[in-house]
2 protein chains.
Amino acid sequence: MAKTNNKPTVKDVARIAGVSPMTVSNVINASGRVGEETADRVREAIQQLGYRQSTTARRFRLSKQWAIGLLVIDENPNFLSDPFTAELISGLTNYLTNIGYSLTIRGIRPSRFDARNAFKGIETDGLVLLLSGKQNARLKYVRATQELKVPTVMVQEPPFAGMAALASVRQDDYGGGALLARHLLETGARVFWMLVTKTIWPALEARGDGFKSILDSIPGARLELLMCENESFEVVYKTTSNALLLGRPDALVGLNDQMAISALRAAQDHGLAAPDDIQITGFNGLAFWKLTNPRLTTVQSCGHDVGYQAAKNLVDALNTGTFSQNDMVLPVRLYLGQTTSSRK
Amino acid sequence: MAKTNNKPTVKDVARIAGVSPMTVSNVINASGRVGEETADRVREAIQQLGYRQSTTARRFRLSKQWAIGLLVIDENPNFLSDPFTAELISGLTNYLTNIGYSLTIRGIRPSRFDARNAFKGIETDGLVLLLSGKQNARLKYVRATQELKVPTVMVQEPPFAGMAALASVRQDDYGGGALLARHLLETGARVFWMLVTKTIWPALEARGDGFKSILDSIPGARLELLMCENESFEVVYKTTSNALLLGRPDALVGLNDQMAISALRAAQDHGLAAPDDIQITGFNGLAFWKLTNPRLTTVQSCGHDVGYQAAKNLVDALNTGTFSQNDMVLPVRLYLGQTTSSRK
DNA sequence: CTGAAAGCGCTTACAG
DNA sequence: CTGAAAGCGCTTACAG
């Protein structure tokens, strides 16, 4: 077959330099078993021809991709606009880029998930999973990804039992929820409304569960759920606003900052001031949180670290054959803002 | 050489189905020149073996990647936290995923840019460029990318003359800046402080230039630049705060919403209320902007559309050989919020 | 230190 | 409708 394009190859370089292709290969990959003089000749030929190594051919030959896939299962196609996800991806790429790996991101909407086609065109050395949905749905996604037979790290998700090629890296969302509950209880709050959405994210669930766990032992403490169709400003605002027509909690609990702020706006428009009339807490404390007014009481997430550690754990597993740590849990910390009272 | 792994190949499928490898290939790629019965036998064999086509081998064979690269030149390694960039990427992936392409993102810090190594490991059918820095630095990046010899689209950047394999897709930032200036002039404002950063983004420059262009013909109108080391909350807050000790403009002009809000907080802490004591405008109106309080007067960007059109334009060029449009400019619109006065 | 041979998995002409 | 041959660009044993 005729060449489809005229890019120079190792063969061309070899001819110009008067050596064999594998000597060229050795020079490029710095194997160090080439004479200095020969290597110089090869480098000159590379310059002269403008030769660039074909990554595709190399990947093919070595059946190694130097690439990690990130799979996000989200109903929202614009999942990058979530600050935690953006931080997570930053952490992943910061680690991977340094060691010459690239990250391939794929977002799939659960309603369109099809085990046969979901991973078409994806070929990576490892996989990072950010899953949403009910436990059995998440298990389904994990089972499907296992067919790719590559080491996999789930982020923001507790481990599944009995899957060796699968590790977890997550932050202590449960503990963060507990921190918020203790703080609010100390201010005297007893009646709580928690904003939840139909899309289930295990991390958000953990925050909620951590919060509830503290209330259980407190007499008089009461938690109600405000179910929002999705986490857009409009929906959270409207849902909160409607609920406030019928009652008023001591505190509104958002499972992330966006929802907390949306609810805060609704409360303000009902003439309620934070923290005196109503308290509000969020979760994440990333990027835009510093711009919130009043500054939100929140738990500072470590999305970047979760991504960084997930990538590190995964690449280590690629190199050693096993995960050094099967469930990594990173700490979070409470940040007191202006939307909760000081101790009463 | 022995096989490095035991994944089934077309050969294995062919043997089981009792056909030749190219018949398997024809079935997989639905060439349609295979008898129904034979095709069924092949599909059964695929099922039985759990065969998955090797994307790498296919890419290698056809020297086509079905992949687009996004190159971001940014001093900030966490460039994903910028709402516009996140929207842009959403737009790119939304278009690309639908047609079976993937997006490879690479962020490079200008100080570390090295033409020889910048694109190591990147092999894509096309390139999208989001550049920062001075004009001649940007030109340098573009020249370097041209060595990859793939069609390239610059986003948020006006076209460079005389480069055929290069097109531009951007929004009307200049016009957006002009909209804001006209609006502020109508409120009676004459003295403006514009928040600028050391890192030069052509889009932000265009916003500033558009703004200035309107002031030029207005007697008494005065523009001063507040130079911020970077666009973090802390720096913009501090810079604005220091400046407010020495004077007070009629309006603060942020070239994006983040900076505008940061400046607004400084103004508030100086006892200035918007819009009565001081007016403030932003730019972008994406994601978190709805959460701003008071709601910022801004220009609504279309980062998603810019990304979507850039991807479409690029893939069309891949298929046809030339760009149908060399400079696409998308419209923006003014959104009046609560940080500017109504007409006086 | 350097090279001739073989092959990674796939698909495009070209025959039949 | 189906197949035998060739080759995409690279690198790993294996010789010398």
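Here B:Thr56 lies out of heavy-atom contact (under 4.0 Å) with every strand.
One can place CD1 of B:Ile28 at 12 Å from P of C:dT12, the figure rounded to the nearest angstrom. Atom C1' of nucleotide D:dT11 and atom NZ of A:Lys11 are separated by 14 Å, given to the nearest angstrom. Between A:Leu62 atom CG and D:dT11 atom P the separation is 6 Å, expressed in whole Å. Between B:Arg61 atom CZ and C:dG7 atom C1' the separation is 15 Å, expressed in whole Å. Here the P atom of nucleotide D:dC10 and the CD1 atom of A:Ile46 are 10 Å apart, to the nearest Å. The distance from atom CD of B:Glu37 to atom P of D:dC1 is 13 Å, rounded to the nearest whole Å. Counting to the nearest Å, the P atom of D:dT11 and the NZ atom of A:Lys64 are 15 Å from each other. The CG atom of A:Asn26 sits 10 Å away from the P atom of C:dG3 (whole-angstrom rounding).
Residues A:Gln156 and A:Leu88 have side chains not in contact (no heavy-atom distance under 4.5 Å, counting atoms from C-beta outward).
For A:Thr56 (side chain) and B:Phe60 (main-chain N/O), no donor-acceptor pair under 3.5 Å exists by modelled atom type. The backbone N or O of A:Phe119 sits less than 3.5 Å from a side-chain atom of B:Arg52, completing a donor-acceptor pair.
Checking D:dT2 for Watson-Crick or G-U wobble geometry (two distances, each under 3.5 Å) identifies C:dA15 as its partner.
Side-chain N/O atoms of A:Ser132 and A:Glu75 include no donor and acceptor closer than 3.5 Å.
For A:Arg58 and D:dT11, the shortest distance from a side-chain N or O to OP1 or OP2 is below 4.0 Å. Considering only side-chain N and O atoms, B:Ser54 lies nowhere under 4.0 angstrom from the phosphate OP1 or OP2 of C:dC8.
Comparing C:dG9, D:dC10, C:dT11 by their nearest atom to the side chain of B:Thr9 picks out C:dG9. Counting only heavy atoms from C-beta on, B:Gln53 has its side chain closest to C:dT11 among D:dC10, C:dT11, D:dA4. Closest to the side chain of B:Pro21, from the set C:dC10, D:dT11, C:dT11, is C:dT11. For A:Phe60, the side-chain atoms get nearest to C:dC8 when compared with the rest of C:dC8, D:dC10, D:dG3.
Contact check on B:Arg170 versus B:Asp327 returns a salt bridge, with a Lys/Arg side-chain nitrogen under 4.0 Å from an Asp/Glu carboxylate oxygen.
Where B:Gly18 and B:Ala57 meet DNA chain D, the nucleotide closest to each residue was compared, and B:Gly18 sits on the side nearer the 5' end.
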